[in-house]
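Before any comments, here is the structure.
Naming convention: chains lettered A, B, ... in sequence-line order (proteins, then strands); numbering from 1 in each chain. As the structure is a prediction and not an experimental result, all values here were calculated from the model.
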Amino acid sequence: MFDEREKRLTSRTLSRIQIMVNVENPWAKFKKQVIKALHLASGQDLSRYLEIPGDPQHGDLACTAAFHLAQQLKKSPAEIAKELAFFDPIQFPLIEQVVAHGPYVNFYINIIPYRRLVVEAIQADGPLYGKTKRFAGKHVVVEYPAVNPNNPLHIGHARNAVLGDTVARLMQAVGYDVTRMDYINDLGLQIAVAYWALKHLDASEYKGKYDQVIGRLYVDAQDKYDEAQVRQYLKLMEEGYNEMASEARKMSERVLRAHHKTHDRLNVHHDLLVWESDIAHSGLFAKGLKKIMEAPTASRPTGGEKAGCVIVDLGAYEEFKQLKDTEKVLVRSDGVATYTGKDIVFHFWKFGVIPDPFKYQPFKSPKARENEIWTTKQQGEEGHYRPADVIYNVIGMPQSQEQRTVYLTLETLGYIKASANYYHLAYEFVTLPDARISGRKGTWIGQSTDDILRESTRRARKEVKKRNPEADARFLRQVAEAVGSAAIRYALLKVAVEKQIVFKWEDMLNFDGNAAPYLMYTHARASSILQKEAAPKTARLSSLSSPFETELIKLLGRFPALILEVVEGIHREVWGTRIELFHLAEYTYALSVAFNAFYNHCPVLKAKTPGLKNARLLLVDLSRQVLSNALELLGITPLERI
RNA sequence: GGGCCCGUGGCCUAGUAGGAUAUGGCGCCGGAUUGCGGAUCCGGAGAUCCGGGGUUCAAAUCCCUGCGGGCCCGCCA
């Protein structure tokens, strides 16, 4: 196998990282001094043996290298630890002390110069604190959530959308140019059935959002629809350029606008929509097929079971050898492309292997700014797509074999770099306690994302009203909406992507503890102090001596490093990609906990001396800023009052 | 038949290139407000880390095996 992390971090990138980190990242600066100190003591790079101790008593950074060096040096780990614990305070001003604790070497941050660094960094960068230009100039395309336009979003779709949108925010934070893409399959059987239902069933009993209406009709149509008629619709849609196809497209666009209402509530955004019907009528596939045939693994058998098909043989790859049949059909014997075949060609286009055949128009979505969203269309402008350097597809775990087939085919064609920069962000599904969520069976009815948002917002409104009895209706509505939807977004984000979520109302709507309202409340609390008295630009930081203040400052300093760690931690596995997005949630929660502890133990406005008050006001100001930045990264709107 | 993901207090969850008394939340019990918003804070009880073997100075983490839940192995998408 291969290690993507090593592949990606070439020596050139590595040297660049160190320069950047050195300039703007307090935590990295401390860590660098620790690594250097260890190097001086041991003559080697021991950075891989560093860890953050679980118990703060054991320092801010600990080295476990002594265990590993014991055999080599034929000494006891404790002895080695003692030797490693040597350091020079003049050379390493950010290290306060180094203690050999048994076999461990514990490094303690020197808070006096460190907090100076933290204050300066946050004040200099403000809302940009945490962001870097590490990947500037590179273009990443993130695709999500690709919901078929014949259903409203169920909670599993919401998980996909929220993950994708957050990945896009993360990529932006490290300097990528990001295209937030959605792929809309408006050509499948499910659309033909939905269209049939629209034409033949009575929609009058269903009111409300268009996607809900179509979704209900689609469920109703399952045991009623006329197969011959639906087949005819499907054929017309695939041919295109006819009245029926254009009506079906309109239906799908209307459903998509309804989806965008849900996206807006979740703070999920897009730049570019790509429609299957436009791909089908663009001539893209014919060009792509030519490319596919250049692959040494592709062929068109003349005899046997797959006579007349276009196939790709994956037998060269170890993990595909286990399959019953290593030959994957890309074009059926009747000449129709399979899903995998289409997907391979689609990715040729994404990476710029095939010139862009599409025309584009702005897509009007309820809350989108003018020209924010563009869509492929039969008529329109050209040149609204720039090929990707890196691709993230947020697609369910069950499709990992198909996704791997796509990028391995790119590899066999010689597009090694493109293939290596293809990330299938595989996430596990959300299930109901006793069933799968099924669009066809309608198990989503009554618990679609819209329903969950409505209930969440209703509960939030009750809480907001309780705390702001004087507030006007507008304030109530806006805050309830922000808090209610953030709760859902955060609930989906804080769980590791490879973990299945069983949907339960009470889990999703929990507002206490590690949940979005707590984070937002913390931000509002900090803002409330600053409204009563503005923070100074400078203050005597030496008065900040309580452990609550120190802990808070240390956390503030970790934010930029944390973002980079999440991005650097992304690595491909055989089936899917590891990405630890929940670390962003975890950090924001930890920061909130630290701030609330500080708040409850250290009076700010009524501090004992004016100097202390000033210093604490400054600390509140910095905390509010970083909390705000972290919330933005999570797609949660930081409010001054909730 | 082959393969993938998950299994951690009543419930949810972090920790898996081995390392210090296993993280946090919900729920439960007790406490804090004449000090900036109590959607807060402080404390407590609660764990055979799915079972069984093995490797190691050291295993939730690695190996083998079994069990449970979810999923994949289409000329469907």
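In this structure, a donor-acceptor pair under 3.5 Å is absent between the side chains of N185(A) and K342(A).
For K499(A) and U23(B), the NZ to C1' distance is 12 Å, given to the nearest whole Å. For the pair L519(A) CG and U40(B) P, the computed distance is 11 Å after rounding to whole Å.
Annotation: side chain of I155(A) is in contact with side chain of I488(A) (closest heavy-atom distance under 4.5 Å).
Between A14(B) and A47(B), the two C1' atoms lie 15 Å apart (nearest whole Å). The P atoms of C62(B) and C49(B) are separated by 16 Å, rounded to the nearest whole Å. One P atom belongs to U65(B), the other to U23(B), and the distance between them is 32 Å to the nearest Å. Comparing U61(B) with C6(B), their P atoms sit 14 Å apart, to the nearest whole Å. A45(B) and C29(B) have their P atoms separated by 16 Å, given to the nearest Å.
Pairing for C67(B) is with G7(B), a Watson-Crick or G-U wobble pair whose two hydrogen-bonding atom distances lie under 3.5 Å. Applying the Watson-Crick and G-U wobble criteria (two distances, each under 3.5 Å), G1(B) pairs with C73(B). In a base pair of the Watson-Crick type (N1 to N3 plus N6-O4 or O6-N4) or a G-U wobble (N1-O2 and O6-N3), with each distance short of 3.5 Å, C41(B) is matched with G31(B).
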A correct 5'-to-3' footprint of nucleotides 59-66 of chain B, with B, S and - meaning base, sugar-phosphate only and no protein heavy atom under 4.0 Å, is --------

Whether each nucleotide of nucleotides 69-77 of chain B has a protein heavy atom under 4.0 Å at its base (B), only at its sugar-phosphate (S) or at neither (-) is summarised, 5' to 3', as -SSSS-BSB

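With C41(B), G25(B), C36(B) as the choices, the nucleotide that has an atom nearest any side-chain atom of N596(A) turns out to be C41(B).
Contact annotation for H101(A): base contact, defined as any heavy-atom pair under 4.0 Å involving a base atom. A62(A) comes within 4.0 angstrom of a nucleotide base, judged by non-hydrogen atoms across all strands. Nucleic acid contact for Q57(A): none, since no nucleic acid atom lies under 4.0 Å from a heavy atom of the residue.
For an aromatic pair to be called close, the ring centres must be under 6.0 Å apart, and F595(A) with F598(A) satisfies this. Taking the six-membered ring where the residue is Trp, the centroids of F320(A) and W575(A) are separated by under 6.0 Å. Between Y49(A) and F67(A), a ring centre-to-centre spacing not shorter than 6.0 Å is recorded.
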